[in-house]
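Chain naming here is simple, since letters A, B, ... match the order of the sequence lines and numbering starts at 1 in each.
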Number of protein chains: 2
Amino acid sequence: MTDRAMQEPTLLLLTALADVPRHGYAIAREVESISGGRVKLRTGTLYGALERLLQQGLIEVHKEEIVDSRLRRTYTLTAPGRAALAVEAERIAATAREATRRLGITGKAATA
Amino acid sequence: MTDRAMQEPTLLLLTALADVPRHGYAIAREVESISGGRVKLRTGTLYGALERLLQQGLIEVHKEEIVDSRLRRTYTLTAPGRAALAVEAERIAATAREATRRLGITGKAATA
DNA sequence: CACCATATGTCACTCACCGGCATATGCTGA
DNA sequence: TCAGCATATGCCGGTGAGTGACATATGGTG
């Protein structure tokens with residue numbers, strides 16, 4: 001298991017589930033909304049990631065219902081999922097802070 | 001597309017160059033330091049990324065000198081590189097903020 | 001003298017993400 | 001009327017950043 005850092009689509013997917021349970025398509029719309037239209041989850045990415053995250057135990061099926069004679073599955077974060085998202089959020093926030101700080105202290109002209 | 005979001009190793013690499021120019025190995029050490037020992041840049045990732053970033057114009061060769069009869073190349077951020085890093089830092093900071101915010105408001109009365 | 005830090009580089013492989021396709025329903029408008 | 005779009009789930013081949021192992025070379029330390 002390569003402990004590789006979470007990528008943006010996955011991070012946004014988990015974020016979309018952080019407040020309320022949602023089904024696949026709703027997650028995709030929410031991700032687009034969160035990212036200001038920047039990131040549009042492809043269905044390949046979406047359902048692939050859901051499958052992967054289920055296996056990793058970061059999300060779980062919240063409810064299964066039949067809507068218009070089709071199955072709709074809603075997903076929700078598990079406790080480990082919430083924890084993982086919190087860790088990941090703090091990690092990237094720290095990286096962002098460090099990058100911003102260094103860009104500021106450029107060594108060159110610096111602060112205005 | 002090439003529009004794909006930057007991954008952590010690349011982001012840290014650029015961050016390591018944000019204050020002063022460094023050569024490859026120094027970048028690797030700096031990245032390890034910045035990330036608190038969490039991320040160790042493999043040489044495959046390092047030199048592969050340097051090559052890619054050079055081609056993308058985000059970094060450039062700052063100086064080439066012979067040290068111990070071996071070539072040492074130091075790299076520095078270009079203006080587009082600084083801009084890209086700033087954009088990326090703000091992007092992930094925003095994502096982190098949103099994730100943290102949502103984790104806080106845990107599924108109470110939000111949009112269904 | 002073995003071993004490690006320093007230092008740069010190649011290459012086969014993996015896997016998350018991409019892009020396109022398939023499928024099915026309900027609504028809206030030319 | 002039916003073309004087209006939003007809704008909704010899912011598969012599959014391909015791409016490319018990152019991985020891990022290997023290659024090579026020097027200078028210092030036990």
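Here the P atom of nucleotide dG16(D) and the CG atom of Leu53(B) are 15 Å apart, to the nearest Å. Taking atom CZ of residue Arg38(A) and atom P of nucleotide dC17(C), one finds them 14 Å apart after rounding to whole Å. Counting to the nearest Å, the C1' atom of dA21(D) and the NZ atom of Lys40(B) are 17 Å from each other. Counting to the nearest Å, the P atom of dG16(D) and the CD atom of Glu8(A) are 19 Å from each other. Counting to the nearest Å, the P atom of dT6(C) and the CD atom of Glu32(B) are 10 Å from each other. The interatomic distance linking Gln7(A) (CD) with dT15(D) (P) rounds to 18 Å, in whole Å. Rounded to an integer number of Å, the gap from CD of Glu65(A) to P of dT9(D) is 10 Å. Atom CD in Gln56(A) sits roughly 12 Å away from atom P in dC15(C) (whole-Å rounding).
Close to dA7(C), at under 4.0 Å from its OP1 or OP2, lies a side-chain N or O of Arg29(B). Residue Arg42(B) places none of its side-chain N or O atoms closer than 4.0 Å to OP1 or OP2 of dG18(D). Here Arg52(A) reaches the OP1 or OP2 of dA16(C): one of its side-chain N or O atoms lies under 4.0 Å away.
Annotation: the span from Thr95(B) atom OG1 to Glu90(B) atom CD amounts to 9.0 Å, rounded to 0.5 Å. Taking CD from Glu60(B) and CG from Leu54(B), the interatomic distance works out to 9.0 Å, rounded to the nearest 0.5 Å.
Side-chain atoms of Pro9(A) lie closest to dC17(C) of the nucleotides dC15(C), dC17(C), dG20(D).
Residues Lys63(A) and Arg72(A) are not in side-chain contact: their nearest non-hydrogen atoms beyond the backbone lie 4.5 Å or more apart. Using a 4.5 Å cut-off on side-chain heavy atoms (C-beta onward), Leu103(B) and Thr15(A) make no contact.
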- [ ] Test Glu98(A) against Arg101(A) for salt bridge (Lys or Arg N to Asp or Glu O under 4.0 Å), laying out the working first.
- [x] CA-CA 5 Å; Glu98(A) 187 61 21; Arg101(A) 192 180 71 78; 2.9 Å; yes

- [ ] Kindly indicate, with the supporting measurements, whether the criterion side-chain contact (heavy atoms from CB on, under 4.5 Å) is fulfilled by Leu85(A) and Arg82(A).
- [x] CA-CA 5 Å; Leu85(A) 179 55; Arg82(A) 304 194 80 78; 5.8 Å; no

Name the pairs: protein N/O against N/O of nucleotides 8-13 of chain C, kept only if under 3.5 Å.
{"unit_1": "dT8(C)", "atom_1": "OP2", "unit_2": "Gly24(B)", "atom_2": "N", "d": "3.4"}
{"unit_1": "dT8(C)", "atom_1": "OP2", "unit_2": "Tyr25(B)", "atom_2": "N", "d": "2.6"}
{"unit_1": "dT8(C)", "atom_1": "OP2", "unit_2": "Tyr47(B)", "atom_2": "OH", "d": "3.1"}
{"unit_1": "dT8(C)", "atom_1": "O5'", "unit_2": "Tyr47(B)", "atom_2": "OH", "d": "3.2"}
{"unit_1": "dG9(C)", "atom_1": "OP1", "unit_2": "Arg73(B)", "atom_2": "NH2", "d": "2.8"}
{"unit_1": "dG9(C)", "atom_1": "O6", "unit_2": "Thr43(B)", "atom_2": "OG1", "d": "2.5"}
{"unit_1": "dT10(C)", "atom_1": "O4", "unit_2": "Thr43(B)", "atom_2": "OG1", "d": "3.4"}

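With side-chain heavy atoms closer than 4.5 Å counting as contact, directly or through intermediates, the hydrophobic cluster containing Ile66(B) also holds Leu71(B).
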